Amino acid sequence: MTKGGMESVEVFVAEGKGRGLRALKEFLPGDVIFAEPAYAAVVFDSLTHIICHTCFKRQERLHRCGQCKFAYYCDRTCQRVAWLDHKSECSAIKRYGKVPTENIRLAARIMWKIEREGSGLTEGCLVSIDDLQNHVDNFGEEEKKELHADVESFLEFWPPQSQQFGMQFISHIFGVINCNGFTLSDQRGLQAVGVGIFPNLCQANHDCWPNCTVIFNNGKIELRALSKISPGDELTVSYVDFLNVSEERRKQLKKQYYFDCTCEHCKKQIKDDLMLAVKGGENKPSAEMVKEVIQFSKDTLEKINKARLEGVYHEVVRLCRECLKKQEPVLGETNIYLLRILSIASEVLSYLQMFEEAAEYAKRMVDGYLKIYHPNNAQLGMAVMRAGVTHWHAGLIEAGHGMICKAYAILLVTHGPSHPITKDLEVMRVQTEMELRMFQQNEFMYYKMREAALKNQKIQVMPEPTNEASPSLYHKKE
């Protein structure tokens, strides 16, 4: 597997898109094109006491900085590594008397680094912080208000003895954070825990059907190839989830990233027909009925979000079952409104340990996803993994093992063999393979042993469902 450095790529002017990145050599699926440490990064405000401020790993017990009482670390090693970046922050927090928000903290860390190293090109960076896009001119009234408030708070926090920057440059830095802040996830890639600036990654343009993916692994982001890439090809990543019709994706991209997507899939509305599929044949529903069911689905999804926030999971299940009853005679198996309900139902039922019903919904969800997503899509891999685990818990070992193998093949490309989630999956793959062999040799004995094992150990509870989607690529305010 190839591991590229910055010498494997170059910045170029992409027609109609401004700067972009292109490959200088061939890459195969799963190759790491480059790995980049953060120029600056911070933990989210709500997680500062449970996530290490250096490596962004979630830990049970963390060491707290004895001086500012704010920063937390896995151990002395992480604390020593952090000191260069934390030193100025530490004394500024003590002077200010409180901890500023994540945006202010990130801007301050960027400025302190500029104070130390200058704002020109630093080692390993293809572009300087000065040259990153800020899109401040595209801000609406609300965003301008937020920017003004951030600049005011920053000036209050920024120590008088540090290098002083002009208002325009401070606004530039906040603009850069707003449109280039990359989401950092915990070690297993399941929860967004922080935000960082990665100047090289910022140069990769968007495509709804990209040839690369981005993963946070062991303190660095990796740009990984999803398909074969030839020298001279532009390297693209997707800023948004593909599971939305082209018109909705384009609206989201325009609102959050200020550009009109002209990728092939948007121009030709590829896969929109699948995502809006309705039942065919003799009982084809009327346009009016389809409209009614889609509106009912949207209303139900709002009610579901409210019930999930309140932790009323039996109500979520009731709403899902009611919605599926309405959807099933009308919507096709790849319709995104059906798939969204199936996804929520399978996740919540697994948490409630109603595995057989959860497995049935998970199987239908995966069948739909496989027809829509890129075969090497990270979100597809994670969904297939969850469905495999649900089948395994339901005692459906053949289907469970098959899905876990499928997920493992996808995650080897999207996450790589050294990522903690891929390692977890490898353990599951070996375990389910062993159980499958036992099942094939003696079905009766397999179920007897399974029953005894479940009696003797506390059943592993599935993680509590959250309203958060998988961590998205860039950290954007909705």
Side-chain angles (χ1 to χ4, degrees), residues 1-3 27-33 35 57 185-191 210-218 220-228 237-238 241-243 339 342-343 346-347 350 355 358-440 446 450 460 462-463 469-471:
M1 202 168 272
T2 305
K3 201 160 195 154
F27 292 100
L28 298 174
D31 283 347
V32 176
I33 296 164
K57 287 179 179 169
S185 44
D186 62 6
Q187 64 267 43
R188 298 185 74 241
L190 299 176
Q191 189 193 5
N211 56 11
C212 298
T213 191
V214 177
I215 209 76
F216 187 60
N217 187 15
N218 205 18
K220 291 182 178 180
I221 60 104
E222 295 176 346
L223 186 70
R224 306 180 67 89
L226 292 179
S227 48
K228 186 182 172 188
V237 295
S238 182
D241 184 10
F242 184 66
L243 203 70
L339 293 176
L342 289 172
S343 169
S346 61
E347 186 193 358
S350 290
F355 294 117
E360 180 205 325
Y361 296 146
K363 167 85 170 70
R364 289 167 61 193
M365 173 193 75
V366 164
D367 289 347
Y369 281 2
L370 287 168
K371 292 186 175 90
I372 290 175
Y373 275 118
H374 185 292
N376 285 332
N377 179 287
Q379 276 158 307
L380 171 66
M382 297 296 279
V384 177
M385 176 183 83
R386 282 194 296 268
V389 172
T390 297
H391 278 73
W392 183 18
H393 277 300
L396 303 164
I397 189 64
E398 286 172 294
H401 178 67
M403 285 179 188
I404 285 167
C405 288
K406 173 85 183 154
Y408 184 65
I410 297 170
L411 264 61
L412 276 178
V413 172
T414 61
H415 290 60
S418 69
H419 194 281
I421 204 90
T422 318
K423 288 180 175 173
D424 284 355
L425 204 43
E426 167 65 353
V427 171
M428 286 186 227
R429 194 177 67 84
V430 170
Q431 173 72 21
T432 53
E433 192 175 323
M434 189 178 71
E435 287 188 25
L436 181 59
R437 272 205 296 269
M438 195 191 293
F439 173 81
Q440 285 163 342
Y446 167 75
R450 181 185 153 77
Q460 182 201 340
M462 303 293 267
S470 301

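Computed from a predicted structure; not experimentally measured.
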Specify the closest pair of heavy atoms between [X] and [Y], including all atoms of both residues, with the distance to one decimal.
{"X": "F216", "Y": "S185", "answer": "CD2-O, 3.2 Å"}
{"X": "A225", "Y": "V413", "answer": "O-CG1, 3.7 Å"}
{"X": "G400", "Y": "H391", "answer": "CA-CB, 3.6 Å"}
{"X": "I410", "Y": "P375", "answer": "CG1-O, 3.7 Å"}
{"X": "M403", "Y": "V384", "answer": "O-CG1, 3.2 Å"}

For the backbone of [Y] and the side chain of [X], can you confirm whether one donor and one acceptor N or O come within less than 3.5 Å of each other?
{"X": "D31", "Y": "L28", "value": "yes"}
{"X": "S343", "Y": "L339", "value": "no"}
{"X": "T422", "Y": "G416", "value": "yes"}

Do the non-hydrogen side-chain atoms of [X] and [Y] ever get within less than 4.5 Å of each other?
{"X": "N377", "Y": "T414", "result": "no"}
{"X": "Q440", "Y": "L436", "result": "yes"}
{"X": "P417", "Y": "L412", "result": "yes"}
{"X": "P420", "Y": "N218", "result": "no"}
{"X": "H419", "Y": "L411", "result": "no"}
{"X": "L226", "Y": "N211", "result": "no"}

Pairing residues for E433 by the side chain to side chain contact (heavy atoms under 4.5 Å, CB included) criterion, not counting sequence neighbours: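 Partners of E433 under the side chain to side chain contact (heavy atoms under 4.5 Å, CB included) test: H401, R429, R437.
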Under 3.5 Å, which donor-acceptor pairs link side chains of residues 363-370 to any protein atom two or more places apart or in another chain?
unit_1: K363; atom_1: NZ; unit_2: D367; atom_2: OD1; d: 3.2
unit_1: K363; atom_1: NZ; unit_2: D367; atom_2: OD2; d: 2.8
unit_1: R364; atom_1: NH1; unit_2: E328; atom_2: OE2; d: 3.0
unit_1: R364; atom_1: NH2; unit_2: E328; atom_2: OE2; d: 3.1

Could you state the interatomic distance from [atom1] ([X]) to [atom2] ([Y]), rounded to the nearest 0.5 Å?
{"X": "C405", "Y": "L425", "atom1": "SG", "atom2": "CG", "result": "8.5 Å"}
{"X": "I215", "Y": "H415", "atom1": "CD1", "atom2": "NE2", "result": "3.5 Å"}
{"X": "L380", "Y": "L243", "atom1": "CG", "atom2": "CG", "result": "10.5 Å"}
{"X": "M385", "Y": "I404", "atom1": "CE", "atom2": "CD1", "result": "9.0 Å"}
{"X": "L223", "Y": "F27", "atom1": "CG", "atom2": "CZ", "result": "8.5 Å"}

Any side-chain donor near an acceptor of the partner, S350 and T390, under 3.5 Å: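 Per modelled atom types, S350 and T390 side chains form a pair under 3.5 Å.
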Side-chain donor-acceptor pair present, Q431, W392, cut-off under 3.5 Å: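 Q431 vs W392: no donor-acceptor pair found between side chains.
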Geometric class of the Y446/F439 ring pair [parallel <30°, tilted 30-60°, perpendicular >60°]: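 Rings of F439 and Y446: perpendicular, over 60°.
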